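Note that the structure is predicted; figures quoted are calculated from it, not measured. All residue numbers refer to positions in the sequence shown, counting from 1. We use all heavy atoms of the structure for the numbers below, so side chains are in, but hydrogens, waters and symmetry mates are not.
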Amino acid sequence: MTTKNSPNGEFCVVSVTSKILYTGEMNKRISTLLRMLLIITLVVLVLLAVVVYSYLAPGPAVPGNPLYRNSSASIDDRVNNLMSYMTLREKIGQMALVEKNSLEELADLQTYGIGGMLSGFGGRPEENTQAGWYDMVTEFVSTSKQSRLGIPVLYGVDAIHGHSNVLGATIFPHTIGLGATGDTELVRRVAEATAKEMIATNIHWSYSPTLDMPEDIRWGRAYETFSDDPALVSRLGTAYLQGLQGAERGRPQLLATPKHYIGLGGMVFDTSSNKNFRIDQGMTPQDESRLRTHYLPPFKEAVDAGALSVMVGLNTWGDTKLAASSYLMQTVLKDELGFEGFLVSDWYGVYEIPGGDFRAAITAINAGVDMVMLPFDYEQFTQNVWVATKLGLIDEARIDDAVKRILKAKFAVGLFDEPATTSAEVFGSDEHRAIAREAVAKSLVLLKNDNNLLPLKPGTSIKVAGSAADNIGRQSGAWTIEWQGIDGNWLPGATSILAGLQAVAPRDTTIEYSLTGEFPTAEKADIGIAVVGEAPYAEGWGDTPEPKLSEEDIAAIARLREQSEKVVVVLVTGRPLMVSELVADWDAVVVAWLPGSEGAGVADGLFGATPFTGTLPLPWPASVSQLPIVNNQTANGTIPLFPRYFGLK
Ligand code: BGC
């Protein structure tokens, strides 16, 4: 009891009474509060139960033989019919694209109704062979088909220069080499052969062709492009798409994915949003007129040629991440160009939109992304998008539109019926390797040829040196078995450039080889061939302030110079290298790009079996101060070392 400073006991009594009264009041309040808490908890629990029930609620029952299973019905009817049985949750699952190593359990394909899976580059089965891939993909597809609605998962890979994840595949020249051939029909054949090797592994979705256009070759992805010229990119990109998709049965055999929508190659140096990079994932200046006249035409042609999926890039257009731009995706691509396929975001690209994962997914989907290359956490994504839709933050009609586009592509490529198949024999076949070799020979660009040194004459003594002469990993570049490639002389079934020279050289020709150019014989050879160039790199890891030859390669050339009458330099590179101070000392120069597994194609050019017809698909700068080169105009107004389309015959 508190006495306070009571002058008489009265106050104390009153005080005691108040306290009793007060305590009673308190108890009442507490019990009211507890009652309220109980009610709130019950309400929350009931609400949660309703939410969980509605999240997990089974969709409408499907009759024994639904229309969507009837292969002679129209695709639109089949899509609409299938959609009528789908729950919101099943629809959102279709919008998820998951990296295969992120799939926690096989059954999740059914639980979440996952729409797409991919092998992040190098994401391979235990047995990295055609059969190993076939079995892995088939298991994913058949598991997905056992779900309530039996919607097959769409499996995608980056077959950007052949089905180059897989050991034993034909590795074609990287795209820049195809650009140098300028040969539409040949590019179509390369793509057809690539498609066959993909289909032999039960894969019907490729993240190619690349329609980017590099203005600044300090970018680590220049070699993934055909050219910086929209006309050439449109022509070859469309041929590639048609070759991949085929049309034998009046429908695509495989889905091509023109990428990266849009403005890639136009980024400003040192604007990358990735702290490890310099220009990849950087900022492309927002320029409406350049959008229309430069970046858009190749995509327009691809859409007109039947593209059913397009990949959105990781760069920004002005300040806006592409995957957040409703103007570029919805207004321009879908509404104006009439693109009816689905837009897939690039690796983790949606989550690079500021605002946190929940908001980022809402922004991207509202802006027009249809399938999200998560690539990891599908559980969180599907739940977030479901909640956001229920809260009205995403319009359900937008979800329906996205899913319709995805299903349409799946029906179009025959996934619900009998998708295209091919025999395992096509994989890495002699026929495909012959196409690759032809592409290598036709991609060679002759930049200098003093006194018609090339083609090499019979009866020549040759010394060969340089880092790329006997290094199949280097001549193949990145995106070969590993994302960043493997620098070294390996790759079953492939031929190094040196091995190609030895095989193709006329009998009376002698060939000696030393990596460094240090030969045991002091005798001068007629010709020194230096095969030099870049070590493999992919994406922003290949960004560099100055693409150039290594000190080792420069030393090897110098040694060859001393030990041979004439020097031929073969550049194995994904982009122009800064050689203007060296080139005067070389008698002949050939650019071989990144030729891939068929190194003998280089010898075909050097020994004259195939004439030189290749031309530079982009200008070759004299120095980095000329970069970027926009519409053939260098940054400092000086002329490049060699202009676009230069190539001696
Ligand atoms: C690249 C894309 C590629 C994707 C899937 C990304 O890092 O930017 O070109 O298709 O990975 O491998």
(message) Taking G263's backbone N and O only, do any of them form a donor-acceptor pair with T284's side chain (distance below 3.5 Å, no angle check)?
(response) yes

(message) Taking S144's backbone N and O only, do any of them form a donor-acceptor pair with S147's side chain (distance below 3.5 Å, no angle check)?
(response) yes

(request) Could you tell me whether the side chain of Q380 and the main chain of D377 form a donor-acceptor pair under 3.5 Å? (result) no

(request) Look only at the side chain of S102 and the backbone of V98, and say whether a donor-acceptor pair between them is shorter than 3.5 Å. (result) no

(request) Compute the ring centroids of W317 and Y327, then answer whether they are less than 6.0 Å apart. (result) no

(message) Centroid separation under 6.0 Å, is that true for the rings of W347 and F376?
(response) yes

(request) Check for a donor-acceptor pair, side chain of D158 on one end and backbone N or O of G120 on the other, with a separation under 3.5 Å. (result) no

(message) One thing to verify: whether D401 and R398 come together as a salt bridge, which I'm taking to mean a side-chain N less than 4.0 angstrom from a carboxylate O.
(response) yes

(message) With a 4.0 Å cut-off on N to O distance, would you call R405 and D400 a salt bridge?
(response) no

(request) Step through it carefully: locate the ring centre of F342, locate the ring centre of W205, and say whether they are under 6.0 Å apart. (result) yes

(message) Check R292 with E336, please: is the shortest side-chain N to carboxylate O separation under 4.0 Å?
(response) yes

(request) Using a strict 4.0 Å threshold on nitrogen-to-oxygen distance, state whether K334 and D370 make a salt bridge. (result) yes

(message) If we ignore hydrogens and angles and just use 3.5 Å, is the side chain of T389 paired with the main-chain N or O of E396 as donor and acceptor?
(response) no

(message) The test is side-chain hydrogen bond (donor to acceptor under 3.5 Å, both in side chains); show your working for E431 and S429 and say whether it passes.
(response) CA-CA 5 Å; E431 193 194 332; S429 64; 4.9 Å; no

(request) State plainly whether the residues E224 and R221 are in salt-bridge range, i.e. N to O under 4.0 Å. (result) yes

(request) Determine, for E192 against R188, whether the closest basic-nitrogen to carboxylate-oxygen distance falls under 4.0 angstrom. (result) no

(request) Give a yes or no on whether the ring-centroid distance for Y112 and F381 is below 6.0 angstrom. (result) no

(message) Test of understanding: with side chain to side chain contact (heavy atoms under 4.5 Å, CB included), list the residues that count as partners of S164, not counting sequence neighbours.
(response) F121, H161, I171

(request) Might you work through the salt bridge (charged side-chain N to carboxylate O under 4.0 Å, His left out) test for K442 and E438, ending with a clear yes or no? (result) CA-CA 6 Å; K442 290 185 173 166; E438 179 187 344; 2.9 Å; yes

(message) Taking D430 first and then R437, would you say they form a salt bridge - that is, a charged N and a carboxylate O separated by under 4.0 Å?
(response) no

(request) Give the intermediate values and the outcome of side-chain hydrogen bond (donor to acceptor under 3.5 Å, both in side chains) for residues K321 and S273. (result) CA-CA 10 Å; K321 277 275 173 200; S273 54; 3.2 Å; yes

(request) Mind jotting down which residue pairs meet the ring-ring contact (aromatic ring centres under 6.0 Å, His included) criterion with at least one end in residues 405-424? Sequence neighbours excluded, please. (result) F411-F416

(message) Test your reading of the model: is there a side-chain donor-acceptor pair from T194 to the backbone of H163, 3.5 Å cut-off?
(response) no

(request) Indicate the ring-plane relationship of Y155 and F140, choosing parallel, tilted or perpendicular according to the 30° and 60° boundaries. (result) parallel

(message) Salt bridge or not between E340 and K404? Use side-chain N to carboxylate O under 4.0 Å.
(response) no

(request) Say whether, by atom type as modelled, one donor and one acceptor occur between the side chain of T181 and the main chain of S443 under 3.5 angstrom. (result) no

(request) Check whether any side-chain N or O of R433 sits under 3.5 Å from a backbone N or O of G493 as a donor-acceptor pair, and report yes or no. (result) yes

(message) Run the side chain to side chain contact (heavy atoms under 4.5 Å, CB included) test on M83 and K91 for me, step by step, so that the C-alpha distance in whole Å, both residues' side-chain angles and the decisive distance to 0.1 Å come before the verdict.
(response) CA-CA 8 Å; M83 297 268 304; K91 289 176 185 169; 4.2 Å; yes

(request) Test side-chain hydrogen bond (donor to acceptor under 3.5 Å, both in side chains) on K196 and Q253 and set out the steps. (result) CA-CA 9 Å; K196 282 198 186 135; Q253 56 178 354; over 6 Å; no

